[in-house]
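Note sheet for the following structure.
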Amino acid sequence: MLPTHAPLMSLSDFLGAPLQPAYGRPHQPELHASPHKLQVYAAAVQEKRRAMQPGKRKRNRLFIQSDGKEHLGSALDRQPNRPFPGPPSGEGPPLRILPVGGLGEIGMNCMLVGVYDRYILIDAGLMFPDFSDLGMNKILPDTTFIAEWRDKIEAVVITHGHEDHIGALPWVIPALDPNTPIYGGAFTMQLVRRRLQEFNLFNEQRFHTFKMRDTFQAGPFEIQPLRVTHSIPDCCGLILRSEHGTIVHTGDWKIEEDPVDGQQFDRTVFEDIGREGATLFMSDSTNVLSPGRTVSEASVEQRIMQRVMGHQGKGRVIATQFASNIHRLAAVKKAADAANRRLCFVGMSLNTYLEAAHNVGMAPFDPRELIAVTDLDAHDPNEVMIVTTGSQAEPRAALCLASREASLNLKLSPTDLLLYSAKIIPGNDTKVMSMMNNVSALGVEIAMGASEGLHTSGHAYRDELEEVMKLVKPQHFLPVHGEYAFLTAHAQLAQDIGVKNTSVIRNGQMIGVHHRRNGNVVSTTGASVKGMQLLGEVKLRMLYNDGNKGTGSDEEMGIEERQQLAVEGIVVAAVDVVRGVSAGGPPQDPSSSSADVSSAARPSQLRAQIRVTTRAMWVDNGRLLEVLHKVSDAAVKRLPGDASLVAVERAVADAIRRGCKDFNQRRPDVIVIAHEMDPREGAAARASLLRRKTAQGIKQAQNQQNQRQQQQHQHLHQQQQQQQQHQVQQQLHQQRQQEEQQQVAGSSGDQAMEDSTPQPPAPKKRGRPRKSETTSDNDGGIVTGSDQAGTTGDAPAKRRGRPPKSASGQSSSPGQLSEASAEMLQQRTAANPRETATIGDDAAYD
């Protein structure tokens, strides 16, 4: 090694060789040295630089993820027809709560709390996706709703620095008014600053740091933060005071009796609130189903110490934990110091949190005491303790990579001891166990599970929840932060303690609260109100981010399509269309009357060269591909020779879908891309298709015109028939009127004859009248006497049936014709409805 007091020599001096031009390029030296000698020189230079700058520590690199806008996607797009819930301005209960996230789920804590139409936003967290959200990295609250109603939000207050409370700030901050202030603790603001700098969104003037118990005005509230203990430093609850009542929000908390950093849970402020009177109390519900109290962090520190000391002389000790748990890092550092081991961080987020704590004086040790990852191989394994990320088996985390032997910085060996000092988050069980199986297969000893006592929760258990609720003595209680079953159980716990007015709501539901002057009823506007009121509801949606610049709803990010691809697979087909020579002569003029579709030239049958590939599907040693080729080729051949590429793609896609379903009951996503083998033939086919469609269009137009003409002709014919029928009816009506007049005239003449010559009435007979004794003329007609006397040369009409007999009962002789009476004429008319006989006229029958 180089002595620390010697000047830093050049590489050529160290190697003992002058710099020579290489390949005619004077600025690229050609050095002749062994790899070992170069490695020794590099280590010497690094050690010398550290010695020359003893007071300087390495800072984490800042990775710029966005220019301030490109990561937003559709996060600010407004949704139509979505009014702000609640009663009209100035009406209803004054204190109002509208959760945007965090109720009915773990994470994504984000809540609007206000007085009438003035609100503040408490926290802006994200939620980590589960296995069904394929390809997603973050789940965000509905920032489109926040952007739409930004004029109602006057401030943002952050309770602590966990990702489920600050992770969505890069999307929430652009949704707010540019002048909206953001408040947080010192350590929390360090984390917020770094996160927003990565997205080019940090503005020093908008961010304000508060101290515990110091009050400040934000929106309609006078806010007082109070100290609570959690698994991250600088965690606080909030007391929100207004003229309409006081709201207490605990944030995430537990009661740590012996905190590692000495920051005690502030019972005094909770007792003061109990005496002052709290209108509404909101508390963390994460561990309401866990009886008893949480384990102290000091107990975990002792177990880590025992495990590390028990591995002395056996190899390295590797601990994995949540990077934000600075208290756990303090316990690991104490154990490493006790075992005379130097600490090394593998994972950038560990350095990020430690650096933020160091900037505000909350770090348990100086980051300069850490050894670099690149120096691990230079230290004795019995003198090293490693802290790594990846407790939740994140694919790109250090421990997960090392379990697959894919990490460049961390190589696991059989002599290592792995301390799993974390909790498996629900939904990550399968991934974590798979990672631990890989670690175990490498021969690493693993200390994991509740029996090891290497982890404790940062959320209060049931006895702690009950204790704080008794201290506050609230009028109303609203459980927050947890699954819906947790919220319901927490509300029941409050009722068992004696809090009468409790409610459980979901994201998007607004609840209103009145301050109670007595224990039962309050009257602030003249109306008595009992309990809490549900004032309205708005439909919220979750947004997804893929870890980069893609942000949108589940439809925009294709969540269902990703799931379908994972389950059903995908088929991609490339179709090279080969068109033949056109058959037939040139088409006739489609505008001519004899134009027909069949007369147009039609190209020959299509042919195609088809390439098919599949992903995430069972192909049965290539049989599936053979089936898909066969059905695709048949589908192409069924098309006309001038079919468009779109028609080819549609036909092949339908055939592939049917083939996959018949083969293995799969419904994959199918992508077909068709193109012309010869562009000239494609142009000719398009021209032929255009001609054929033109001919079809002209023919169709002619058919439509013919149909219209036929319809008009039929309409005219119907009108003519109706007119003819109307004329016939008029003629019949006139004829009936004339007959009635003649019958009246004939009746009067018969009556006069009967008066002068009495005759017996003719007998009434049924059926046809019998043949009378009258003389037949040459035409076979029967003529009565009156007819003969009144004949003017006109031939009598022929009628069917027998002529009537005379009054004497015998047929009239040719020379003796008798007259027909009116009654007899009526009988003839009834028997022969086609003709109408009148008195005085000839009555003949065919």
Side-chain angles (χ1 to χ4, degrees), residues 55-60 160-163 184-191 193-194 209 211-212 227-236 252-265 294-309 317-373 383-389 391 398 419-423 453-458:
K56 186 176 181 180
R57 58 186 176 88
K58 181 180 178 181
R59 297 181 62 87
N60 288 329
H160 64 282
H162 274 152
E163 286 295 304
F187 175 70
T188 302
M189 199 56 67
Q190 285 291 319
L191 300 177
R193 173 196 293 268
R194 182 177 180 86
T209 301
K211 296 182 179 180
M212 300 302 164
R227 173 76 62 194
V228 295
T229 49
H230 190 42
S231 56
I232 189 172
D234 206 24
C235 187
C236 70
D252 289 356
W253 66 282
K254 72 171 186 176
I255 298 179
E256 179 64 59
E257 302 294 352
D258 187 15
V260 175
D261 58 358
Q263 301 293 331
Q264 296 285 342
F265 183 85
T294 55
V295 178
S296 173
E297 193 69 37
S299 175
V300 176
E301 180 181 315
Q302 294 177 1
R303 291 296 300 161
I304 293 176
M305 182 76 70
Q306 294 173 3
R307 267 296 189 173
V308 172
M309 298 301 294
V317 178
I318 302 173
T320 181
Q321 63 165 71
F322 295 114
S324 61
N325 197 335
I326 302 297
H327 306 323
R328 193 68 48 80
L329 289 178
V332 171
K333 184 63 168 62
K334 288 182 181 180
D337 291 343
N340 197 25
R341 294 174 181 264
R342 296 193 66 181
L343 205 60
C344 177
F345 283 177
V346 181
M348 187 180 65
S349 58
L350 289 165
N351 293 282
T352 299
Y353 282 97
L354 183 62
E355 181 180 337
H358 186 269
N359 291 338
V360 294
M362 295 184 181
F365 56 90
D366 194 332
R368 289 176 294 184
E369 298 180 23
L370 299 171
I371 63 174
V373 177
E383 298 177 357
V384 174
M385 184 171 181
I386 301 172
V387 182
T388 179
T389 58
S391 63
L419 305 180
Y420 191 86
S421 183
K423 173 189 176 182
L454 298 176
H455 180 70
T456 181
S457 176

- Task: Please report the shortest heavy-atom distance between V360 and A186, naming the atom on each side.
- Result: CG1-O, 3.8 Å
- Nearest heavy-atom neighbours spanning M189 and G184: CE-N, 3.3 Å
- Task: Using a 4.5 Å cut-off on heavy atoms from C-beta on, say whether the side chain of W253 contacts that of C235.
- Result: no
- For the residue pair G185 and T209, what are the closest heavy atoms and their distance? C-CG2, 3.8 Å
- Message: Could you check whether any side-chain heavy atom of K254 comes within less than 4.5 Å of a side-chain heavy atom of S457, counting everything from C-beta outward?
- Response: no
- Is there side-chain contact between C344 and V373, with heavy atoms separated by less than 4.5 Å? yes
- Heavy-atom check, side chain of F365 versus side chain of V332, under 4.5 Å: no
- Main-chain N/O of E297 paired with T456 side-chain donor or acceptor, under 3.5 Å: no
- Query: Does K333 have any salt bridge (charged side-chain N to carboxylate O under 4.0 Å, His left out) partners at least two apart in sequence or in another chain, and if so, which?
  - Reply: D337, E369
- Query: Applying the side-chain hydrogen bond (donor to acceptor under 3.5 Å, both in side chains) test to H455, which of R328, R303, Q321 qualifies?
  - Reply: R328
- Query: So do C236 and H160 actually touch side chain to side chain, heavy atoms under 4.5 Å?
  - Reply: no
- Query: Heavy atoms, side chains only, cut-off 4.5 Å: are F187 and I232 in contact?
  - Reply: yes
